[in-house]
**Q** 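Starting off with a structure, shown below.
Each chain gets a letter, A, B and so on, in the order its sequence line appears, and its residues count up from 1.
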There are 2 protein chains.
Amino acid sequence: MAHATIRDVARAAKVSIATVSRALNGHSNVRANVREHVQAVATALGYVPHTGARSLSLAKTNAIGVMLPDLHGEFYSEALRGIDGEASARGLQLLLSNMHGDQRGAESLRFMRGRVDALIIMAPDIDPERLLAHLPASLPTVLISCPDMAADHPQFRIDNTAAADAMVEHLIAAGRRRIVHLSGPRGNRDAEERIAGYCAAMTRHGLSPRILTGNFDEESGTATAHALIGEAERADALFAANDMMAIGALVAFHRAGLAVPEDIAVAGFDDIPLARLVTPALTTMRVGIAEIGAEAVSRVAAILDGGDDTEIRWVVPQLVPRASTLADTREFPPA
Amino acid sequence: MAHATIRDVARAAKVSIATVSRALNGHSNVRANVREHVQAVATALGYVPHTGARSLSLAKTNAIGVMLPDLHGEFYSEALRGIDGEASARGLQLLLSNMHGDQRGAESLRFMRGRVDALIIMAPDIDPERLLAHLPASLPTVLISCPDMAADHPQFRIDNTAAADAMVEHLIAAGRRRIVHLSGPRGNRDAEERIAGYCAAMTRHGLSPRILTGNFDEESGTATAHALIGEAERADALFAANDMMAIGALVAFHRAGLAVPEDIAVAGFDDIPLARLVTPALTTMRVGIAEIGAEAVSRVAAILDGGDDTEIRWVVPQLVPRASTLADTREFPPA
DNA sequence: CTGTTAGCGCATTCAT
DNA sequence: ATGAATGCGCTAACAG
């Protein structure tokens with residue numbers, strides 16, 4: 001037998017569906033004993049309101065859509081964790097969607113219309129306008145680290161350039177000179193900006209930049225490490241554009257018998273939880289992506305409450321110096 | 001201006017709403033030129049179907065609800081990754097929900113009614129009947145590693161007992177005798193079964209079990225390591241009920257100057273991606289949770305296609321021996 | 001082939 | 001305080 005509807009409850013309780021609705025939704029204009037009766041009948045019938053129907057009638061879903069580039073690796077998992085925590089605290093459901101390629105990403109976004117009240121999109125690779133083109137302009141959307149766009153959506157931008165610059169400064173202060181940058185994929189906003197910061201700092205110190213292009217995955221780090229190991233005048237520092245690549249390199253160096261940081265320093269970006277668990281612990285730039293995710297939900301909630309928000313909020317990553325770039329290897333990861 | 005509805009398109013295209021629906025949904029009984037015209041008008045108006053309304057009318061949402069215990073740590077992230085990959089491939093949306101405490105978990109499940117066609121629930125701590133009590137029996141539900149339940153839902157069970165037993169055998173074969181088990185929280189199904197397997201193997205070999213209770217988080221591992229370090233007749237192996245605790249201990253031993261595995265072997269459970277990246281790489285039992293997640297979606301899809309499924313599918317974890325339990329520390333994690 | 005109509009399940013006017 | 005009727009946006013059955 002199919003699920004009980006409000007009509008079934010009304011019939012069984014011998015009242016109208018309007019009364020059932022009012023009783024169950026806690027309206028005041030229902031006699032106390034009628035309310036109790038209706039509630040009892042509803043429970044007995046195992047009645048659960050049909051959220052879809054309700055949201056159609058209310059023009060409000062109490063859900064927000066989340067578009068992430070990927071779920072592989074800790075970075076986006078952390079973002080999702082932050083989003084989920086705040087959304088749950090606010091009683092908002094989460095409709096999840098990942099960019100499994102442009103096509104499916106856009107498709108999946110289309111299907112969010114009528115299902116969610118707002119969107120959070122993190123897509124450093126994709127022009128969000130391309131995605132939003134197929135969407136009602138009326139859907140409030142908070143952007144996180146997206147490429148430049150004409151629209152004035154509320155958004156978060158990470159100050160990658162300054163952060164990468166600061167990391168190079170740190171490496172130079174630690175006595176490194178032949179600093180290689182393992183970048184993210186071309187066209188990715190974060191990747192490009194980190195490259196810019198790296199180059200700026202190197203040039204300022206009269207050092208020549210050397211950039212290898214990676215893919216933000218561990219494999220890129222491993223491959224780069226292997227490439228570096230055999231070289232005549234070996235690099236004395238590898239600055240990877242994210243932690244996964246840095247860790248891939250770290251492990252590869254280790255396997256090859258190279259000491260980190262004595263033979264070569266390694267630095268990453270993001271400060272994923274894993275960073276402090278590898279040996280030696282990884283120096284990195286803390287982005288605090290979970291906090292950004294949580295804050296994004298707060299902004300969405302504020303907009304849904306009628307607030308106005310077109311602000312670009314800047315996130316400034318913080319240097320987290322750890323053993324992988326420090327001479328004193330007795331520095332172990334903190335508990 | 002609000003979003004365009006099917007009526008707006010119909011009016012602008014000077015056809016009926018039925019024709020619009022048919023044209024846009026690719027029905028054959030529409031003249032080619034009419035279809036093109038409708039499509040053009042729809043695009044011009046930026047029309048996107050209201051998925052909520054559509055699913056109300058179709059009694060089908062094309063979405064599945066996912067209930068996870070937690071998003072902290074890699075284990076459940078990996079599960080979600082597996083689920084997401086398969087769901088996306090099948091064009092299913094994902095409504096995400098985590099057990100932020102019983103109350104909110106149950107609440108959130110209620111709101112899924114009318115929003116999803118099926119449920120995937122992973123809840124080793126909670127009796128799923130308690131959760132499903134508030135839900136229509138008609139919602140197909142696939143269970144992963146849930147405590148015993150009366151209902152005959154399709155489900156996945158992990159053979160924790162055999163796996164824990166096998167891990168103890170491995171440690172004994174490596175010459176260990178004073179093997180301590182750091183368990184998960186009491187009441188958690190996986191935790192209890194791993195305890196049972198550990199005890200069985202220890203007893204069979206005439207060794208006395210020693211169980212410390214943890215919480216599946218890194219902190220438990222750290223604390224346990226500290227407790228073990230000072231003891232007179234120190235343990236020569238620590239078998240943690242999951243990888244995060246094992247890694248917490250690994251790092252703590254390292255900081256304290258204890259060599260792993262020379263001074264003490266460490267083993268985990270789950271084989272999260274992180275396990276092979278720590279130093280020394282962690283011996284563990286591979287559960288393949290991402291694959292389970294993907295398979296759960298496949299089962300859901302099959303049920304949605306009219307299939308019948310009340311099977312209990314057993315997952316048998318596989319031993320992954322790595323450096324943390326092997327004498328030869330020249331074994332490094334594979335690339 | 002196309003238009004008209006009737007719901008999907010619910011919340012909410014407007015009456016009473 | 002309660003009931004009857006309307007509509008949210010869409011699809012499908014029924015006519016033509």
**Q** How close or far is atom P of D:dG9 from atom NE2 of B:His3, stated in whole angstroms?
**A** 10 Å
**Q** Can you find a pair of side-chain heavy atoms, one from A:Val300 and one from A:Arg90, that are under 4.5 Å apart?
**A** no
**Q** So if I take residues 10-29 of chain B and measure heavy-atom distances to DNA chain D, which residues fall below 4.0 Å?
**A** B:Ile17, B:Ala18, B:Ser21, B:Arg22, B:Asn25, B:His27
**Q** What is the separation between atom CG on B:Asn62 and atom P on D:dT11, rounded to the nearest whole Å?
**A** 13 Å
**Q** Sequence neighbours left out, cut at 3.5 Å: what donor-acceptor pairs do the side chains of residues 96-103 of chain B make with other protein atoms?
**A**
residue	atom	partner	partner atom	Å
B:Ser97	OG	B:Ser108	OG	2.3
B:Asn98	ND2	A:Asp84	OD1	2.9
B:Asn98	ND2	A:Asp84	OD2	2.9
B:His100	NE2	A:Asp84	OD2	2.7
B:Asp102	OD2	B:Arg130	NH2	2.2

**Q** How many Å lie between CD1 on B:Ile6 and P on C:dA6, as a whole number?
**A** 18 Å
**Q** Indicate yes or no: at least one non-hydrogen side-chain atom of B:Arg81 is less than 4.5 angstrom from one of B:Glu78.
**A** yes
**Q** If you look at every strand shown and take non-hydrogen atoms under 4.0 Å, does B:Leu58 touch a base, only sugar-phosphate, or nothing?
**A** sugar-phosphate
**Q** Any side-chain heavy atom of A:Leu92 sitting closer than 4.5 Å to one from A:Asn62?
**A** yes
**Q** Do any side-chain atoms of residues 67-75 of chain B form donor-acceptor pairs under 3.5 angstrom with protein atoms, and if so which ones, sequence neighbours left out?
**A**
residue	atom	partner	partner atom	Å
B:Asp70	OD1	B:His72	N	2.8
B:Glu74	OE1	B:Leu274	N	3.0

**Q** For residues A:Met112 and A:Leu119, report the shortest heavy-atom separation together with the two atoms involved.
**A** SD-CD1, 3.8 Å
**Q** Using five pairs at either end of the helix from C:dC1-D:dG16 to C:dT16-D:dA1, determine the angle between the two local helix axes and round it to 10 degrees.
**A** 50°
**Q** Measuring only between side-chain heavy atoms, which start at C-beta, is B:Phe156 closer than 4.5 Å to B:Val142?
**A** yes
**Q** Within the structure provided, determine whether B:Thr61 and B:Leu95 are in side-chain contact (heavy-atom separation under 4.5 Å).
**A** no
**Q** Could you check how far NZ of B:Lys60 sits from P of C:dG9, rounded to whole Å?
**A** 16 Å
**Q** Does the side chain of A:His50 come within less than 4.5 Å of B:Leu56's, by heavy atoms?
**A** yes
**Q** The criterion is side-chain hydrogen bond (donor to acceptor under 3.5 Å, both in side chains); which residues satisfy it with A:Asp270, sequence neighbours excluded?
**A** none
**Q** Between B:Ala63 and B:Arg115, what is the shortest heavy-atom contact and its length?
**A** CB-O, 3.6 Å
**Q** Using OP1 and OP2 only, check whether a side-chain N or O of A:Arg54 sits under 4.0 Å from C:dA11.
**A** yes
**Q** What integer distance in Å separates A:His50:NE2 from D:dC8:P?
**A** 18 Å
**Q** Please report the distance, rounded to the nearest Å, between CZ in A:Arg113 and P in D:dG9.
**A** 7 Å
**Q** Using whole Å, report how far CG of A:Leu45 lies from P of C:dG9.
**A** 14 Å
**Q** What residues in residues 30-39 of chain A put a non-hydrogen atom under 4.0 Å from any atom of DNA chain D?
**A** A:Val30, A:Arg31, A:Val34
